[in-house]
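This report refers to the structure that appears directly beneath it.
Note that this is a predicted model, so its numbers are computed, not measured. The sequence lines fix the lettering, A, B, ..., with proteins before strands; numbering per chain opens at 1.
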Amino acid sequence: MAIKQRSKSLKSRSHNLSDTMIQLKVLNGKEVVDARFPNFKEKTTENGGGVLKPKPIEIFQVNIGKLCNQSCAHCHVDAGPDRKEEQMSREHLERCLEIIKAVDSIHSVDITGGAPEMNEHFRWFVEECTKLGKKVMDRCNLTIIMANPKYSDLPAFFAKHKVHVISSLPYFNRSKTDRQRGDGVFEDSIKALKLLNEVGYGKPDTGLILDLVYNPEGAYLPDAQSNLETLFKRELKRKYEIDFNNLYTITNMPISRFLDWLLETGNYEAYMQKLVDAYNPETLQGLMCRNTISVSWDGYLYDCDFNQMLDLKVAVPTSRHINDFDIDALTDRDIVLNQHCYGCTAGAGSSCGGEIE
Amino acid sequence: MSDNNTYFNPADLKKFGNITEFQETMGKKFFDWYGEVFKEGALTQREKALIALAVAHTVQCPYCIDAYSSTCLEKGADEEMMMEAVHVAAAIKGGATLVNSVQMMNHVKKLSM
């Protein structure tokens, strides 16, 4: 079934929020609204966190392109079918492989997008990463498997390379899923999950891991991961005979298209206040920016995927691009913080791996 | 003083904890008990939130309706579950009215030839 998009990228609409400087001004109370919230950096200092320093890089997260067959209402990447230009080149991917090979502490390569499978070098890159003995994670939107016959063998490809598949599914019903991700997404997602199950994903003793990602369909925080995982497992099994391994709960970050939605619907101030009120210093130790490096399609380096989307590059002037990758300088860096970081420290915390343990 | 011109000001919900200002001992006991009630138990927190939402409608408390609409969403309930919960409350409230008509019928039959 063809997906009917419910939203378009900020870029295609020439929206002022497609300028990341405007987003940062909003978050810092200088633009669009008067809302001001406690400074996140000062908050971490109050709680003894102070300057956040990284641990050894364990996860090499690479956004290989903003092109996507979906255009979700909350997308922090502002990805969509119109983002055809921003695709990582073979040359940059080769440079990524050199880094992945050279840095012993990197055990996993987290491939994201857009729909990463739409990058013409995706399969080659996965194969090369697995040859290096690294664990490969693919942030798969599920519907790409159904989008075109050329992608229909993805489940078999994933299984062959034991790719850890991490897929968004905001809810186990059509209305909530399609409102967030586009009409027809739920139906195709269920079909894709069944295909993944058929090749062994989510099944016991196969070693093929299928994790789902839940993020709220609106201006509220996710419940405890274990509670929602139990609910999702029960309902997906009962209604569709679908199995999966783990559910990650991720808090919606007040940036990009979700920020636009918050502002348009008058939810921005209350949502930010909710994040601030739920600030939990216990999450600081486990934040994903501590053990991850995030690489953009054009090779720039960031502390996390969210900083990447706000164009907040690593605070290492001599090593801001994969061509200048300096592991010693990066290991000694201060992590770049801003107001959106409240999204990762609210409640039980939030990361690309879900709740912070 | 609130600058809101209506009796119900959603921002007042955040001040609920301040009721201990006028009676600390009872207020504190209430909040301790309230916290205990909504912990996961024989009923899940989601089930308790749905019950609370239904009761909020029957007692027509706008603060509670706002609060438990949010809580239900956070706990993973969807709109269908939430509306069904409100229908359960409405059915009981409607039924409670109608079942009393038996008393009316009894009385009418007693008085009538």
Side-chain angles (χ1 to χ4, degrees), chain A residues 35 37 74 169-180 186 212-236 238-239 247-252 262 265-267 269-278 343 346-348 350 354-355, chain B residues 2-6 8-20 31 34-54 56-57 61-88:
Chain A
F37 299 95
H74 69 299
L169 189 73
Y171 207 66
F172 44 78
N173 75 16
R174 182 188 315 275
S175 61
K176 278 175 91 101
T177 304
D178 286 3
R179 275 205 301 269
Q180 185 184 84
F186 183 73
L212 297 183
V213 176
Y214 163 89
N215 62 291
E217 185 258 320
Y220 53 93
L221 302 181
D223 191 24
Q225 193 160 279
S226 59
N227 289 349
L228 287 172
E229 183 180 285
T230 303
L231 179 66
F232 267 64
K233 282 196 169 174
R234 187 187 75 199
E235 292 300 306
L236 285 175
R238 184 175 71 83
K239 292 182 174 178
L247 182 80
Y248 300 162
T249 55
I250 294 186
T251 301
N252 285 317
L262 288 172
T265 55
N267 277 303
E269 291 179 36
Y271 186 70
M272 279 303 292
Q273 192 63 55
K274 199 181 281 263
L275 296 181
V276 171
D277 290 346
S350 179
E355 202 172 81
Chain B
S2 165
D3 57 1
N4 191 301
N5 292 326
T6 62
F8 165 66
N9 180 358
D12 283 345
L13 181 57
K14 282 202 161 186
K15 300 176 191 166
F16 188 17
N18 298 350
I19 64 164
T20 53
F31 285 117
Y34 195 95
E36 194 66 32
V37 165
F38 281 95
K39 281 184 185 167
E40 190 93 0
L43 296 174
T44 65
Q45 289 185 321
R46 184 174 50 261
E47 288 163 341
K48 289 182 179 184
L50 286 164
I51 294 169
L53 181 73
H57 280 75
C61 169
Y63 299 103
C64 312
I65 291 171
D66 281 4
Y68 283 97
S69 295
S70 296
T71 305
C72 284
L73 288 171
E74 288 175 1
K75 298 295 174 193
D78 64 9
E79 293 91 332
E80 193 180 4
M81 294 177 194
M82 291 161 70
M83 188 56 86
E84 281 188 18
V86 175
H87 272 287
V88 171

Task: Part of B:A77 lying under 4.5 Å from any heavy atom of chain A - done: backbone
- [ ] Heavy-atom distances under 4.5 Å only: say whether A:P222 touches chain B with side chain, backbone, both or neither.
- [x] backbone
- [ ] Hey, could you give me the SG/OH distance between B:C72 and A:Y220, rounded to the nearest 0.5 Å?
- [x] 11.0 Å
TODO: Please report the C-alpha distance between B:E80 and A:K176 in whole Å, then the side-chain angles of each, then the deciding distance to 0.1 Å, and finally whether the salt bridge (charged side-chain N to carboxylate O under 4.0 Å, His left out) criterion is met.
DONE: CA-CA 11 Å; B:E80 193 180 4; A:K176 278 175 91 101; over 6 Å; no
- [ ] Would you check if A:L231 and B:K75 make a side-chain contact, meaning some heavy-atom pair closer than 4.5 Å?
- [x] no
Open item on the list: Treating A:Y171 as the side-chain partner and B:G76 as the backbone partner, does any N or O pair qualify as donor plus acceptor under 3.5 Å?
Closed with: yes
Open item on the list: Show, in sequence, the C-alpha distance, side-chain angles and deciding distance for A:L228 and B:E74, and conclude whether the side-chain contact (heavy atoms from CB on, under 4.5 Å) test is met.
Closed with: CA-CA 9 Å; A:L228 287 172; B:E74 288 175 1; over 6 Å; no
Task: Side-chain ion pair, A:D223 and B:R46, N-O less than 4.0 Å - done: no
Task: Toward chain B, the part of A:F172 with a non-hydrogen atom under 4.5 Å - done: side chain
Task: Side chains of B:E40 and A:N227 in contact at under 4.5 Å (non-hydrogen atoms) - done: yes
Task: Beyond-backbone contact of A:Q273 with B:K14, side-chain heavy atoms, under 4.5 angstrom - done: yes
